[in-house]
Amino acid sequence: MIAYEVPLLIIKIIANITLFLTIFLTCKFKVTPSFCAPLFFLFNIAGLFFLSLGLIEDIDKLIISAAFIIFVSYILIICYLTDKYFQRVKKEKE
């Protein structure tokens, strides 16, 4: 577990900051930031990696942390895709 603790902690901190920034910038500017799409792939791959390690070694803390990282990745992509959809609909109406 010690070998996975530092990378997991770094990814969780980045995921928390990204989630907070996305929510803040979306509420402030009414547009989802463009960094959401690339970070979806980063968090999804990292989350699946840590999830597989947690399942292999049967570490509950690792599984829960990986599930949070995957959750953040899907929140980011949902925000990004819904924003792009509504921008396209708005553009078609004009």
Side-chain angles (χ1 to χ4, degrees):
M1 176 65 184
I2 297 298
Y4 312 127
E5 189 89 26
V6 175
L8 180 67
L9 185 64
I10 291 170
I11 294 292
K12 277 180 59 176
I13 289 171
I14 293 170
N16 281 322
I17 292 170
T18 304
L19 187 61
F20 174 75
L21 276 175
T22 301
I23 292 170
F24 176 73
L25 292 174
T26 303
C27 290
K28 182 138 177 105
F29 299 115
K30 307 291 188 227
V31 175
T32 304
S34 61
F35 60 77
C36 289
L39 286 180
F40 160 74
F41 293 106
L42 173 75
F43 291 145
N44 201 17
I45 292 170
L48 291 174
F49 174 73
F50 286 121
L51 183 65
S52 65
L53 287 175
L55 291 173
I56 289 171
E57 298 190 12
D58 198 26
I59 302 172
D60 293 337
K61 184 179 178 185
L62 197 60
I63 294 170
I64 292 169
S65 298
F68 172 73
I69 294 170
I70 293 170
F71 172 75
V72 169
S73 73
Y74 281 103
I75 291 295
L76 291 177
I77 200 66
I78 288 170
C79 290
Y80 183 75
L81 290 177
T82 56
D83 189 45
K84 290 299 175 188
Y85 172 75
F86 287 123
Q87 283 179 356
R88 190 180 68 207
V89 168
K90 184 179 177 184
K91 190 181 282 186
E92 286 176 359
K93 282 186 179 181
E94 294 174 356

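Because the structure is predicted, anything quoted here is derived from the model rather than measured.
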request  = Answer yes or no: is there a side-chain heavy-atom contact under 4.5 Å between Lys61 and Glu5?
outcome  = yes
Examine Phe41 and Leu51 and state if one hydrophobic cluster contains both, with Ile, Leu, Val, Met, Phe, Trp and Tyr joined whenever side-chain heavy atoms are less than 4.5 Å apart.
yes
Report, one line per pair, each donor and acceptor closer than 3.5 Å where one atom sits in a side chain of residues 70-79; sequence neighbours left out.
residue: Ser73; atom: OG; partner: Ile70; partner atom: O; Å: 2.6

* Asked: Hey, mind stepping through Tyr80 and Thr22 against side chain to side chain contact (heavy atoms under 4.5 Å, CB included) and telling me if it holds?
  -> CA-CA 10 Å; Tyr80 183 75; Thr22 301; over 6 Å; no
Sequence neighbours excluded, the answer for side-chain contact (heavy atoms from CB on, under 4.5 Å) partners of Ser52 is none
Rounded to the nearest 0.5 Å, the OG1 atom of Thr18 sits from the CZ atom of Phe35 at a distance of 6.0 Å
hydrophobic_cluster_shared for Leu21 and Ile23, side chain cutoff 4.5 Å: yes
Interatomic distance, CG@Leu8 vs CZ@Phe68, rounded to 0.5 Å, equals 11.0 Å
* If Ile, Leu, Val, Met, Phe, Trp and Tyr residues are connected whenever their side-chain heavy atoms lie under 4.5 Å apart, and connections chain through other members, are Leu62 and Leu9 in the same group? -> yes
Item to check | Side-chain heavy atoms of Ile59 within contact of Ile63, under 4.5 Å | outcome: no
Residues joined to Phe86 in its hydrophobic cluster, side chain to side chain under 4.5 Å directly or through other members, sorted by chain and number, are Tyr85, Val89
Taken to the nearest 0.5 Å, the spacing of Ile11 CD1 from Phe50 CZ works out to 6.0 Å
- Query: Is any side-chain heavy atom of Thr26 less than 4.5 Å from a side-chain heavy atom of Pro33?
  - Reply: yes
Rounded to the nearest 0.5 Å, the CG atom of Leu25 sits from the NZ atom of Lys30 at a distance of 12.0 Å
Of all heavy-atom pairs linking Gly47 and Ala66, the shortest is O-CB, 3.4 Å
Are Lys12 and Ile69 close enough that some pair of their side-chain heavy atoms sits under 4.5 Å apart?
yes
Hey, any chance Phe29 and Leu39 share a hydrophobic cluster, counting ILVMFWY side chains that come within less than 4.5 Å of each other, even indirectly?
yes
>> Do Ile17 and Val6 land in one hydrophobic cluster if side-chain heavy atoms of ILVMFWY residues count as linked below 4.5 Å?
In response: yes
NZ (Lys90) and CZ (Arg88) are apart, to the nearest 0.5 Å, by 15.0 Å
- Any side-chain heavy-atom pair from Phe43 and Ile14 closer than 4.5 angstrom? yes
